[in-house]
Structure formats: C-alpha cells, structure tokens
Amino acid sequence: MGDIEQNVDIWQDHWDWSDEGDQWSAWWGGTPALWHGALLPRIHAFVPTGTILEIAPGFGRWTQFLKDLCDRLVIVDLTERCIEHCRIRFAASSNIEYVVNDGRTLESVADASVDFAFSFDSLVHVEADVIESYLAELQRVLTRDGVAFIHHSNLGAYGRVPRLVRRIPQRALGPLARRGVVPDVFAWRAESVTADGVAAMCDRVGLGCISQERISWERGRFLIDTLSLVARRGSRWDRPRVVVDNPGVRREAYRMAMLWASTSPPSRSNRP
C-alpha cells in the first residue's frame with residue numbers, strides 16, 4: 001500500500017464514491033447484512049455506550065449504524081471529501097462530531113473521552129507506522145474501560161510471498177487468487193502489518209490486545225486480515241490475548257447473503 005499522501009490522493013480525488021462504499025459489502029448481501037450478520041455480533045458487548053470514535057468512516061457506511069448506538073459519535077477521516085459528505089448525509093443527527101485529521105493522530109479528541117473505538121475496512125490499507133501511531137493515540141483517548149475494535153492487515157505474516165505473487169502475469173494471477181492458490185494481493189492490504197506485530201505495538205504503547213480473529217477475505221483462505229480488540233491495561237476487559245483463526249469468512253458471507261436476500265426487501269445496499 002501507499003503512504004498517507006497516496007491514500008489521500010486515492011480517496012479524496014480519484015475514488016468513485018457514488019455507491020458510498022456499499023459496493024464493498026456486496027458479497028455479504030449488502031451493507032445491512034454485513035453489519036447485522038457479522039459486525040454487530042462481534043462488538044455487541046461494547047454497545048450501546050456513551051461516546052464512540054470511528055476512525056476512517058469514508059462516506060458513512062458504518063456511521064449510519066454507529067450513530068444510533070451512542071450519545072456522542074466522533075468520526076475522524078484524513079479526507080475532507082469524506083467528512084463533508086458525512087456532514088451532509090447525517091445532517092439530521094445532532095450527536096455527531098466531524099474531524100479531518102492527518103491520517104495518524106487524534107489531536108482533536110480529548111483524553112479519556114472514548115468508550116468504544118471502531119474502524120472496519122479502512123485501516124487494512126495503512127502500514128505499520130500508522131497503526132502504531134493510532135494505537136498510541138487510543139491509549140490516550142480511551143476511558144479506563146474503553147475498548148477499540150480495529151480491522152487491520154495480516155498480509156505481512158506471509159513474508160515475501162505477496163511480492164513474489166505480484167510477479168505472476170496478470171492474466172494468471174486473477175484466477176489463482178480467486179481459487180485461493182495465492183494470497184489476494186488485489187485487496188490492497190498493507191504488507192508491513194501482522195496480527196502479532198499489532199499485539200506487540202499494543203504492549204509498547206501501554207495497551208492490551210485482548211483478542212484477535214485472523215480472517216480470510218473475499219477470495220481464498222489465506223488469513224490476510226485481522227480483527228483486533230484492544231483495551232487499557234487494568235480495565236475490566238483486560239485479559240491475556242486470545243487468537244482465533246477463521247479461514248471460512250467466505251462461507252460466512254455467502255450464508256449471510258442468502259439469509260438476507262430471503263428475508264429482506266431489495267435495496268441498493270443489500271444486493272446479493
């Protein structure tokens with residue numbers, strides 16, 4: 001993945017946001033299906049709550065649900081375009097605060113003010129230095145019993161494999177990735193980030209990584225992503241790290257898409 005400047009260039013100036021990010025949920029049956037079927041069950045113990053911080057909301061794909069689970073929601077994104085769109089999209093919601101940041105710090109968020117922090121399908125694209133910077137900031141802004149749910153890359157766990165995979169001719173690489181023979185290098189995952197590395201970062205900044213679910217993504221069974229739960233040391237959530245490997249996310253998504261399609265009316269964001 002690129003650096004912060006390249007990410008700004010992609011998401012601010014060149015990305016087609018006409019679907020507000022819902023296209024990334026299509027394989028789950030749509031954004032509501034992904035939220036209710038996969039994300040909310042993984043965070044239900046921590047919400048509703050007082051203050052939620054969302055890092056990198058994009059055009060509000062998860063903001064639309066998070067805003068109803070808290071008294072106060074702070075959304076922070078490095079692109080002014082995303083924040084302005086969310087400001088318009090959620091104009092009727094009086095409990096949201098909007099912040100454009102530098103892509104690595106939370107300067108506008110007060111110390112010990114956040115009960116739950118959330119980031120999904122965004123920080124997978126940033127490298128280890130950015131993840132560690134945000135973790136250091138979370139150590140500052142989380143309340144004593146605050147928890148963070150962070151979706152980040154684990155592609156670095158495969159060492160040089162992704163770089164070697166990119167040498168395969170494009171006409172062969174796509175089919176190989178779809179069949180799960182090679183890691184999905186089309187998913188734009190950061191190659192310097194691993195689950196173990198993030199746990200070590202937490203230790204360095206004074207947080208505890210209490211659980212990690214290493215997951216596959218849309219193509220294949222390689223565990224290129226991680227869902228990490230992070231808490232303050234000494235909090236009521238603090239415990240030794242539990243690591244679970246889940247290579248069957250594609251099956252989970254397929255089942256959710258079928259269930260959602262059979263029980264929900266069609267809409268733009270629940271197309272199977």
Side-chain angles (χ1 to χ4, degrees), residues 1-31 33-34 38 56 58-59 61 78-79 81-82 103 119-131 150-198 212-228 243 245-258 269 271-272:
M1 282 303 299
D3 56 21
I4 288 177
E5 289 73 20
Q6 288 170 313
N7 271 284
V8 171
D9 183 60
I10 292 169
W11 309 117
Q12 173 76 20
D13 299 323
H14 294 104
W15 194 258
D16 178 4
W17 285 102
S18 57
D19 283 336
E20 298 182 324
D22 287 333
Q23 69 271 28
W24 296 313
S25 306
W27 59 295
W28 284 85
T31 293
L34 175 49
F59 268 34
R61 183 167 159 225
L78 81 166
T79 62
R81 180 185 180 191
C82 290
S119 185
F120 184 82
D121 219 5
S122 297
L123 296 184
V124 290
H125 305 309
V126 302
E127 300 294 343
D129 61 321
V130 175
I131 296 292
I150 305 296
H151 177 202
H152 58 82
S153 176
N154 187 49
L155 188 59
Y158 295 97
R160 298 175 56 213
V161 172
R163 292 191 291 277
L164 295 174
V165 166
R166 287 195 177 89
R167 297 180 183 178
I168 299 173
Q170 287 291 313
R171 64 182 180 277
L173 182 54
L176 289 173
R178 286 192 292 273
R179 288 159 49 197
V181 177
V182 298
D184 182 6
V185 295
F186 298 105
W188 301 1
R189 273 24 184 186
E191 294 183 23
S192 63
V193 182
T194 69
D196 288 343
V198 169
Q212 291 183 307
E213 183 183 0
R214 297 185 296 207
I215 63 174
S216 59
W217 200 237
E218 186 173 2
R219 303 179 183 94
R221 295 172 62 83
F222 285 88
L223 305 176
I224 64 172
D225 287 12
T226 302
L227 306 176
S228 289
V243 180
D245 288 345
N246 181 4
V249 167
R250 180 64 191 178
R251 292 194 303 272
E252 182 181 343
Y254 178 78
R255 178 175 179 272
M256 193 65 240
M258 294 302 99
S269 60
R271 295 189 298 259

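Positions are given from 1 along the sequence.
For the atom pair CD1 (Ile215) and CG (Asp225), the distance works out to 5.0 Å, reported to the nearest 0.5 Å. Atom CG in Asp22 sits 10.0 Å away from atom CG in Leu34 (nearest 0.5 Å).
Nearest heavy atom pair, residue Ser192 against residue Ala128, reads OG-N, 2.9 Å. Here the closest non-hydrogen pair linking Glu127 and Ala190 is OE1-CB, 3.4 Å. Contact detail for Ser216 and Pro247: the closest heavy-atom pair is OG-O, 3.0 Å. Of all heavy-atom pairs spanning Leu155 and Pro183, the tightest one is CD1-CB, 4.1 Å. Minimum interatomic distance between His152 and Val198 (heavy atoms only, all atoms of both residues): CE1-CG2, 3.4 Å.
With a 4.5 Å cut-off on side-chain heavy atoms, Asn154 and Trp217 do not count as touching. Looking at Thr31 and Glu20, their side chains never come closer than 4.5 Å, going by heavy atoms from C-beta outward.
For Ile168, the side chain to side chain contact (heavy atoms under 4.5 Å, CB included) test picks out Val165, Ala172, Leu173, Leu176, Val182, with sequence neighbours left out. Partners of Phe120 under the ring pair (Phe, Tyr, Trp, His ring centres under 6.0 Å) rule, at least two apart in sequence or in another chain, are Trp62, His151. Residues that satisfy the side-chain hydrogen bond (donor to acceptor under 3.5 Å, both in side chains) test with Ser153, not counting sequence neighbours, are absent from this structure.
Annotation: ring pair (Phe, Tyr, Trp, His ring centres under 6.0 Å) contacts involving residues 155-176, sequence neighbours excluded, comprise Tyr158-Phe222. Within the structure, every pair that satisfies the side chain to side chain donor-acceptor pair (under 3.5 Å) test and touches residues 178-187, not counting sequence neighbours, is listed here: Asp184-Arg219.
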Trace of the side-chain hydrogen bond (donor to acceptor under 3.5 Å, both in side chains) decision for Thr226 with Gln212: CA-CA 6 Å; Thr226 302; Gln212 291 183 307; 5.5 Å; no
Thr194 vs Asp196, side-chain hydrogen bond (donor to acceptor under 3.5 Å, both in side chains): CA-CA, chis, key distance, verdict: CA-CA 5 Å; Thr194 69; Asp196 288 343; 5.7 Å; no
Pair Asp121-Arg61, side chain to side chain contact (heavy atoms under 4.5 Å, CB included): steps then yes or no: CA-CA 10 Å; Asp121 219 5; Arg61 183 167 159 225; 3.0 Å; yes
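The six-membered or imidazole ring of Trp24 lies near that of Trp17, with a centre-to-centre distance under 6.0 Å.
Side-chain atoms of Ser122 come within 3.5 Å of backbone N or O of Ala56 as a donor-acceptor pair. Remark: the backbone N or O of Ala187 is paired with a side-chain donor or acceptor of Arg189 at under 3.5 angstrom. Side-chain N or O atoms of Glu213 include none that pairs as donor or acceptor with a backbone N or O of Leu227 at under 3.5 Å.
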Please tabulate, for the side chains in residues 250-258, all donor-acceptor contacts under 3.5 angstrom to protein atoms that are two or more places apart in sequence or on a different chain.
| from | atom 1 | to | atom 2 | distance (Å) |
| --- | --- | --- | --- | --- |
| Glu252 | OE1 | Arg42 | NH2 | 3.3 |
| Glu252 | OE2 | Arg42 | NH1 | 3.0 |
| Glu252 | OE2 | Arg42 | NH2 | 3.4 |

